[in-house]
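The model shown is predicted, which means the values in this text are computed figures rather than measured ones. Start at 1 with the first residue, then count along the sequence. Note that ligands are numbered from 1 as they come in the structure, with each ligand's atoms numbered from 1 the same way.
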Amino acid sequence: MPIRFFNTYSREIEDFRAIAPPAVKMYTCGPTVYNHAHIGNFRAYVFEDLLQRHLEASGFQVHRVMNLTDVDDKTIRNSRAAGQPLDQFTRQFKEAFFEDLRTLRIEPAAEFPAATEPRFIERMIGMIRELENQGIGYQADDASVYFRLSRFPEYGRLAHLNLDELRPTGRISNDEYEKESVGDFALWKAWDEADGDVGWDSPWGRGRPGWHIECSAMATALLGPEIDIHCGGVDNIFPHHEAEIAQSESCTGKKFVRYWLHCAHLMVQGQKMAKSAGNFYTLRDLTSLGWTGRELRYALISVNYRLPLNFTFEGLAGARSALARIDEWGARLTALAGSEDRASSHPLAGQARFQEALDDDLNISGALGHLFDTIRESNRLMDQHQFAAADARALLNDWSKINKILAFDADAADIPAEIQALLDARALARKGKDWAASDQLRDQLAALGWEVKDTKEGQRVTPRAS
Ligand SMILES: [Zn+2]
């Protein structure tokens, strides 16, 4: 069965055919580095990671580019409020973003271009010049350069907007505007006082690029005029991706993207995430509450990407116990795999069913369902002593392939802060030979789902199935 994806452009499930297999060129819109990314952003990045890992497990060689938007309305506004030069202000959030990617075990993209790199600014200016030469770009009275929508009749096709029914609202210079407003969008924004000392010289005077042209320039510079897969969140579809198509295709004359994949929204406790609603979380907010990167990865990855994800603390607790089950099962298989051999009696094909589910538009909930079926069935056979060492080895081999996609393995960095605090207290109690306190802390850890063993090297802790 071929890999199939829902293509936003056609609104249909399509077989995936790469332009030049096994190579796959993938562009994913990255963060605007004006503060810490929130878990809604990370849902999209985790989905893109699952997509890349599944394609790679299927034999493709993915070259993924993720841009960093380090100049736009928001970065300028916040850097000025912080009283810092733009590059210094955005650098801290770029670094924090890379740390967050590591926490969530997201494979780094092959390239992370930043909009303000001189080679890209130069390219943006070059593309705008080309659009101007074609009569598509025009400089208005306010000295900014706009894209003339009437010159790109396909505008609105990705978002399935019927532009005839929408009243154009003239020109729009800010980076983000409401879905209902359709107007010529800015390619180049003339400098104004709100920009402070941010600006570049151009044929149209001092100014800065619009957000949309940044992505068109970086994508085509690094991946060429034709891209296999372009991803983002559903809120990127309009106007951002629509504008990317209009700009790129007008400049290159080629079809910009074959497959558009968009990740649905994330809600928190059933509500839209908003600072005003008190349910707004960055990744750091959640790790400081004791949730590990791997638990958060599980919670973000385990709902099919086209469905809204309702992020809850009960869901996180569920992720924790699901991972504990996987850990316990893996430990059990490993112990059995090393035991005396018997002929294979119950081969379980976990991997093939897992991969097939993902082939079907990344059906991760189906794939995880197969995984837990396999866990249940093999646990039952092990309980009945009907599972041979060879079966365990085969299943572990399956699991290591599946886990290349999931990246769910436990590691020391995954010990939550609250657990680490109890471990530290226990180490102190043992140092002071307070065995009663030590035992009490061991029980407390056990109640939280963590098993402590005392070894020559000190305490060793493993999560237990609850
Ligand atoms: Zn973009």
Original post:
At the Zn ion (ligand 1), what's the angle from Cys29 SG to Cys215 SG, rounded to 10 degrees?
Top reply: 130°
Subject >> Qualifying side chain to side chain donor-acceptor pair (under 3.5 Å) pairs with a residue from residues 396-405, counting only residues at least two apart or across chains >> reply: Asn403-Asp409
**OP:** Look at the rings of Phe313 and Trp291 and say which category their plane angle falls in: under 30° parallel, 30 to 60° tilted, over 60° perpendicular.
**Re:** tilted
Original post:
Between Asp142 and Lys189, does at least one N-O distance fall below 4.0 Å, as a salt bridge requires?
Top reply: no
**OP:** Assess whether salt bridge (charged side-chain N to carboxylate O under 4.0 Å, His left out) is satisfied between Arg77 and Asp73, documenting all intermediate values.
**Re:** CA-CA 6 Å; Arg77 186 189 62 214; Asp73 300 345; over 6 Å; no
**OP:** State the atom name: nearest N, O or S atom of His240 to the Zn ion (ligand 1).
**Re:** NE2
Original post:
Looking at the Zn ion (ligand 1), is one of the N, O or S atoms of His241 less than 2.8 Å from it?
Top reply: no
